Undergrad: 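One structure, pasted below without further comment.
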Amino acid sequence: MESFDERCYELLKQVPKGKVTTYKAIAEALGTKAYRAVGGAMNRNPYAPKVPCHRVVNVDGSLGGFAFGQAEKVARLKAEGVEVEQGKIKAFKERLYDAFQ
DNA sequence: CGGTTGACCAAGT
DNA sequence: GACTTGGCCAACC
């Protein structure tokens, strides 16, 4: 039985490059409402390069937090082609991915 | 095992 | 538009 955290990572790995998802989407995909627990899993994320934690944002398209600082999060997103402005994802709805299997 | 904390969310002020 | 409040639930001490 995988822990709650590991299931978050598995879902996150399904998010294609250039797209983003939300803490809520992940929690709901796991059948729970522990939005904050999802963020906690990312914060303690032991799979730093493997799991694309930077592709997870708030439900309104704002960046949310990041263990290495928001600036780093923006840089990584931009490196994947995701444009960010004023702490929010541009064309958020178009880049949003929540079709988890 | 109880209380605190948190990379959240929604609604109210 | 910014700030406060209440609620949710897993991890941590």
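Note that the coordinates shown come from a computational prediction; the quantities given were computed from them, not determined experimentally. A, B, ... follow the sequence lines: proteins, then strands. Residue 1 opens every chain.
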Undergrad: Please state how far atom CD in A:Glu2 lies from atom P in C:dA11, giving the value in whole angstrom units.
TA: 13 Å
Undergrad: For C:dC8, does either OP1 or OP2 sit under 4.0 Å from a side-chain N or O belonging to A:Lys24?
TA: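 Indeed not, no polar side-chain atom of A:Lys24 lies that close.
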Undergrad: Atom CD of A:Glu28 to atom P of B:dC8: distance rounded to whole Å?
TA: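 That distance rounds to 16 Å.
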Undergrad: Between B:dC8 atom C1' and A:Leu30 atom CG, what is the distance in whole Å?
TA: 15 Å
Undergrad: Less than 3.5 Å apart, any donor N or O on the side chain of A:His54 or A:Glu72 sitting next to an acceptor on the other?
TA: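 No, A:Glu72 and A:His54 have no side-chain donor paired with an acceptor closer than 3.5 Å.
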Undergrad: Taking the side chain of A:Lys33 as heavy atoms from C-beta outward, which of B:dA7, C:dC8, C:dA11 is closest to it?
TA: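 Closest nucleotide to the A:Lys33 side chain: C:dC8.
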Undergrad: Rounded to whole angstroms, how far apart are CD on A:Gln86 and C1' on C:dA2?
TA: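 Distance, rounded to whole Å: 15 Å.
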Undergrad: Looking at B:dC8, C:dC9, B:dA10, which one has an atom nearest to any side-chain atom of A:Thr32?
TA: C:dC9
Undergrad: Report the distance from atom CG of A:Asn43 to atom P of B:dT4, rounded to the nearest whole Å.
TA: 21 Å
Undergrad: Which sits closer to the 5' end of DNA chain B, A:Ala37 or A:Val57, going by the nucleotide each is nearest to?
TA: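 Going by which nucleotide is closer to the 5' end, it is A:Ala37.
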Undergrad: Relative to the ring of A:Phe100, is the ring of A:Tyr97 parallel (under 30°), tilted (30 to 60°) or perpendicular (over 60°)?
TA: perpendicular
Undergrad: Do A:Asp5 and A:Ser3 pair up side chain to side chain, a donor and an acceptor below 3.5 Å, judged on atom types alone?
TA: no
Undergrad: In whole angstroms, how far is the C1' atom of B:dA7 from the CG atom of A:Asp5?
TA: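 That distance rounds to 13 Å.
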Undergrad: Using the side-chain contact (heavy atoms from CB on, under 4.5 Å) rule, take A:Met42 and A:Leu12 through it: C-alpha gap first, then chi angles, then the decisive distance, then the call.
TA: CA-CA 10 Å; A:Met42 299 304 105; A:Leu12 199 47; 3.5 Å; yes
Undergrad: In whole angstrom, give the distance that lies between atom CZ of A:Arg44 and atom C1' of C:dC9.
TA: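 Answer to the nearest Å: 12 Å.
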Undergrad: For A:Asp60, report the nucleic acid contact type (base, sugar-phosphate, nothing); a contact means any heavy atom under 4.0 Å.
TA: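 Contact class for A:Asp60: none.
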Undergrad: So what does A:Phe4 hit on the nucleic acid, given a heavy-atom distance under 4.0 Å: a base, only sugar-phosphate, or nothing?
TA: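 Here A:Phe4 touches the backbone only, sparing every base.
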Undergrad: Atom OH of A:Tyr23 and atom C1' of C:dC8: how far apart are they, to the nearest Å?
TA: 17 Å
Undergrad: Answer with yes or no whether A:Arg36 presents, from its side chain, a donor or acceptor under 3.5 Å of a partner atom in the base of C:dG7.
TA: yes
Undergrad: Would you find more than 12 non-hydrogen atoms of other residues, nucleotides or ligands less than 6.0 Å from A:Gln70 atom CD?
TA: no
